[in-house]
Every structure is written in structure tokens, then in C-alpha cells.
Number of protein chains: 2
Amino acid sequence: MKIGELAAATGCHLETVRYYEKIGLLPKPPRTGSGYRAYRPSDVARVRFIARGRSLGFSLDEIRSLLRLSESPDLACGDVDALARQHLTEVRLKLTQLQRMEAELMATVERCRGGQRATCAVLQSLGEPDLPTSPAISIHAPMG
Amino acid sequence: MKIGELAAATGCHLETVRYYEKIGLLPKPPRTGSGYRAYRPSDVARVRFIARGRSLGFSLDEIRSLLRLSESPDLACGDVDALARQHLTEVRLKLTQLQRMEAELMATVERCRGGQRATCAVLQSLGEPDLPTSPAISIHAPMG
DNA sequence: GTAAACCCCGGAGTCGCTACAGGGTCAAGC
DNA sequence: GCTTGACCCTGTAGCGACTCCGGGGTTTAC
């Protein structure tokens with residue numbers, strides 16, 4: 001199975017597959033005579049594992065530990081669980097911040113009913129001193 | 001006012017302030033005899049405007065247009081409002097994705113009650129084929 | 001006088017990809 | 001046999017929004 005097929009089977013770009021190999025998340029596959037990567041079906045499972053972890057918001061480093069844990073059969077489930085729980089905490093924190101952001105934006109936009117610039121609620125809101133509540137948060141969602 | 005004071009007054013790192021200057025979001029301030037940046041109080045307001053925009057999830061490019069809009073008083077509020085509304089839509093989309101992520105993580109973690117590796121729900125869940133619902137989303141929140 | 005705290009600059013590193021340039025390989029159609 | 005197009009290779013650079021580092025100069029406090 002060539003890289004394009006693997007990519008199609010997992011929904012990843014093939015550049016992404018190569019990237020995972022480069023950073024050591026995927027083992028280097030054997031090559032055909034002409035140098036093409038030759039994957040086995042188990043590689044599909046591994047890439048799916050990674051993709052699924054990403055879709056749950058795990059970082060590639062976290063996924064690396066999850067993979068290691070999943071490959072050492074003498075380890076208890078507890079480590080995996082701890083990682084997931086910690087991650088859940090982080091997700092909830094981000095949720096809270098995002099909800100606060102939504103409420104504020106909504107209030108801001110609500111106040112601005114096509115009025116004049118001098119009274120624009122959006123700009124006023126941005127000019128106000130910082131909220132006591134919300135720390136700076138940046139959210140970047142590549143969804144293409 | 002020196003850059004360290006500006007940073008303290010706005011809650012930014014001073015590298016961040018320099019970065020904003022570098023990309024043209026902050027005007028180049030005058031310098032003292034020894035080359036130190038000398039800021040005026042109005043610069044605090046501008047950096048706060050940026051920080052607040054960031055905390056609302058605006059990109060630096062969006063903030064750049066907001067700043068431009070806020071400085072050209074003959075423009076209507078509509079443009080600003082449209083930007084904020086568009087942004088609200090994006091925030092809501094991210095919220096939905098994050099909520100889905102939370103629900104799934106929670107369900108996964110709940111199933112794992114200190115069981116054995118062979119039946120670890122977290123790993124099982126990661127090994128399953130991809131969800132039909134959730135596209136890949138990555139969230140990065142620098143909160144130092 | 002000297003040590004600590006501040007400031008300068010330029011450049012590299014972070015994360016998770018994505019895109020590009022400049023080539024090689026392979027299968028199908030004529 | 002030759003061409004066309006789809007696929008593959010490598011290496012490198014780019015994105016956004018910072019953050020950190022090295023190697024220096026300056027100012028302030030004791």
C-alpha cells in the first residue's frame with residue numbers, strides 16, 4: 001500500500017503522513033525498489049489512532065505517550081486514564097473561556113444596533129480596560 | 001514609560017510588545033538618548049485594545065482592521081459590527097466542536113474505571129474508526 | 001564600585017501542519 | 001515506442017502569535 005492509499009484510507013494529507021514519520025510518530029516503512037513507501041494495513045490503524053487523538057484535541061506529544069502506553073502490555077490502564085482526565089480538564093477550561101468570549105461578543109454586538117461610530121459598542125468594548133476574568137486565549141482551528 | 005512598564009501595565013510580555021511593533025500593529029515609539037523605547041500613556045490604551053481583541057479571539061489581522069476603523073472617524077459602525085458578528089459565528093462553531101470533544105472524552109474516561117489494559121476504554125476508543133461527526137480541531141491556548 | 005535589574009538587537013524555536021520546487025516512476029493510450 | 005498524466009521522492013520555507021536565547025549596553029541601588 002502506497003502513501004496515497006494510506007492517506008485516502010485515513011483521511012490525512014500525505015504530507016501529514018510523511019510529517020508523522022519525520023517526527024517519529026510513525027515508523028519508517030520499508031521501500032519498494034524505486035523508493036516508494038510500502039505500508040502495511042496495521043499502519044492504517046496507527047494513523048487512525050493518531051487522527052482520532054487529534055480530533056479529541058490531544059497534542060502529538062500526548063498521542064506519542066498514548067501510543068507508547070498502548071504498546072507496552074504490562075502497563076495498567078491508569079496512566080492512559082490519567083492522561084485523558086488531565087486532557088479533559090484542559091478542554092473544560094478552554095470551553096469556559098470560549099463561553100465567556102461568546103457571551104461578551106454577543107453582548108457587544110447586541111448593543112451595537114447600526115448606530116453611529118461615536119457610540120459603537122464594539123470599539124467601546126475593546127477600548128475598555130481588561131476584564132478581570134478572561135486571560136488571553138488564542139484559538140486556532142485548521143479545518144480545511 | 002519604558003517597555004517593561006508598558007508590559008506590566010498591559011499584562012503582555014515585553015517581547016510581545018516588540019513583536020507588535022515589528023509587525024506594524026504598534027507605532028515605533030521615540031527613543032531615549034540611550035536607545036530605550038519611550039512610550040506614552042496612549043500606547044497603553046492601544047496595547048490594551050490589542051490584548052482585549054486577542055482575548056475575544058480576534059486575529060492580529062482582524063485587530064489591525066479594527067484599529068484602522070477606530071481611527072477613521074468618518075466610517076460607519078457597520079464594518080466593525082460585521083467583523084464582530086462574523087467572529088461571533090466562528091466562536092460558536094469552535095464552541096460546538098469543543099463541546100463535542102468534551103462529551104466524548106468524558107464518556108471515554110467514564111468507561112475506564114481503573115480496569116486492565118486489555119479492556120482500556122481510552123485506547124479502545126482511540127483505536128475505533130473515526131467519528132462521523134467531528135472534524136480535526138486544534139486548540140492552542142498560551143496562558144503564561 | 002559593583003551587582004542586579006533593566007534594556008537593546010537579531011535570530012531561532014514552538015506546534016501541526018501545508019505548500020512548493022525540482023525531480024523520478026509508473027500505467028494507460030496512441 | 002512515446003507521450004501524457006497521475007503518482008511518488010526529497011528538502012525547504014511558510015503560516016500565526018508569540019517565546020526564548022545569546023551577547024551585549026545602561027541604569028539603579030547599595
Side-chain angles (χ1 to χ4, degrees), chain A residues 1-26 28-39 47 49-65 67 87 90 94 135-144, chain B residues 1-26 28-39 47 49-65 67 87 90 94 135-144:
Chain A
M1 148 175 259
K2 284 186 281 185
I3 193 171
E5 297 166 76
L6 177 64
T10 58
C12 287
H13 286 205
L14 77 170
E15 289 100 337
T16 305
V17 175
R18 281 199 286 250
Y19 173 68
Y20 289 163
E21 177 185 331
K22 188 174 150 196
I23 63 168
L25 220 48
L26 268 185
K28 286 179 193 294
R31 302 288 183 123
T32 68
S34 53
Y36 287 14
R37 287 170 179 84
Y39 291 102
V47 174
F49 187 104
I50 299 171
R52 185 121 168 78
R54 290 291 299 135
S55 86
L56 286 174
F58 287 96
S59 74
L60 290 182
D61 245 28
E62 288 169 325
I63 291 169
R64 196 190 302 272
S65 334
L67 277 168
H87 184 62
E90 284 160 21
K94 282 167 198 165
I137 169 173
S138 87
I139 295 202
H140 168 61
M143 293 172 293
Chain B
M1 145 176 262
K2 283 187 283 186
I3 193 170
E5 296 167 76
L6 177 64
T10 59
C12 289
H13 285 206
L14 75 170
E15 289 99 338
T16 305
V17 174
R18 282 198 286 248
Y19 173 68
Y20 289 163
E21 177 184 330
K22 189 174 148 195
I23 63 168
L25 220 48
L26 268 185
K28 287 179 191 295
R31 303 289 185 122
T32 67
S34 52
Y36 287 13
R37 286 170 180 83
Y39 291 102
V47 174
F49 187 103
I50 298 171
R52 188 123 166 76
R54 290 290 300 136
S55 86
L56 286 173
F58 288 96
S59 74
L60 291 182
D61 246 27
E62 288 170 325
I63 291 169
R64 198 190 300 274
S65 30
L67 276 168
H87 187 65
E90 285 160 19
K94 283 168 198 165
I137 169 174
S138 88
I139 296 205
H140 169 63
M143 293 172 293

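Computed from a prediction, not measured in an experiment: that's the story for all the values here. Protein chains get the first letters and strands the later ones, always in sequence-line order, with residue 1 at the start of each.
Atom CD1 in A:I3 sits 8.5 Å away from atom CD in A:E15 (nearest 0.5 Å). Taken from CZ in B:R52 to CZ in B:F58, the straight-line distance is 10.0 Å, to the nearest 0.5 Å. Taken to the nearest 0.5 Å, the CG atom of A:L25 stands 6.0 Å off from the CG atom of A:L60. In this structure, OH on A:Y19 lies 15.0 Å from NE2 on A:H13, to the nearest 0.5 angstrom. Distance OG1/B:T10 to CZ/B:F49: 14.5 Å, rounded to 0.5 Å. Annotation: the span from B:E62 atom CD to B:R54 atom CZ amounts to 9.5 Å, rounded to 0.5 Å.
Atoms NZ (B:K22) and P (C:dG10) sit 9 Å apart, rounded to a whole Å. Taking atom CD of B:E21 as the reference point, atom C1' of C:dC7 lies 13 Å away to the nearest angstrom. A:L60 places its CG atom 14 Å from the C1' atom of C:dT18, with the value rounded to the nearest Å. Nucleotide D:dG16 holds its C1' atom 13 Å from the CG atom of B:L25, rounded to whole Å. Atom CD1 in A:I50 sits about 9 Å away from atom P in C:dC17, given to the nearest Å. Atom pair B:Y19:OH and D:dC15:P shows a separation of 10 Å (rounding to whole Å applied). Taking atom NZ of A:K28 as the reference point, atom C1' of D:dC9 lies 13 Å away to the nearest angstrom. Rounded to whole Å, atom P of C:dT18 lies 11 Å from atom CG of A:L14.
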Where protein sits on nucleotides 20-30 of chain D, one letter per nucleotide: B base, S sugar-phosphate only, - none, heavy atoms under 4.0 Å: B----BBS---
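For B:R54, the listed nucleotide lying nearest its side chain is D:dA17; candidates were D:dA17, D:dT10, D:dT12.
Toward the 5′ end of DNA chain D lies the nearest nucleotide of A:G35, the other residue of the pair A:G35 and B:S59 mapping further downstream.
In this structure, A:I23 reaches neither bases nor backbone, as no heavy-atom distance under 4.0 Å exists between it and the strands shown. Counting non-hydrogen atoms under 4.0 angstrom, B:I3 reaches the backbone sugars and phosphates but no base.
Using a 4.5 Å heavy-atom threshold, the side chains of A:K2 and A:R37 count as separate. A:I50 is listed as a side-chain neighbour of A:L67, based on a closest heavy-atom distance under 4.5 Å.
Between B:Y20 and the phosphate of D:dC18, there is a side-chain N or O to OP1/OP2 separation shorter than 4.0 Å. Proximity of B:R37 to the phosphate of C:dC7: no side-chain N or O atom is located under 4.0 Å from OP1 or OP2. Look at B:R31 and you'll find a side-chain N or O under 4.0 angstrom from OP1 or OP2 of C:dC9. Residue A:T16 places none of its side-chain N or O atoms closer than 4.0 Å to OP1 or OP2 of C:dG16.
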Intra- and interstrand pairs of DNA chain D - dot-bracket, Watson-Crick/G-U under 3.5 Å, | marks other strand: ||||||||||||||||||||||||||||||
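A distance-only check finds no donor-acceptor pair linking the side chain of A:E90 to the backbone of A:H87 [under 3.5 Å].
Partners of A:L26 under the side-chain contact (heavy atoms from CB on, under 4.5 Å) rule, at least two apart in sequence or in another chain, are A:V17, A:Y20, A:E21, A:R46, A:V47.
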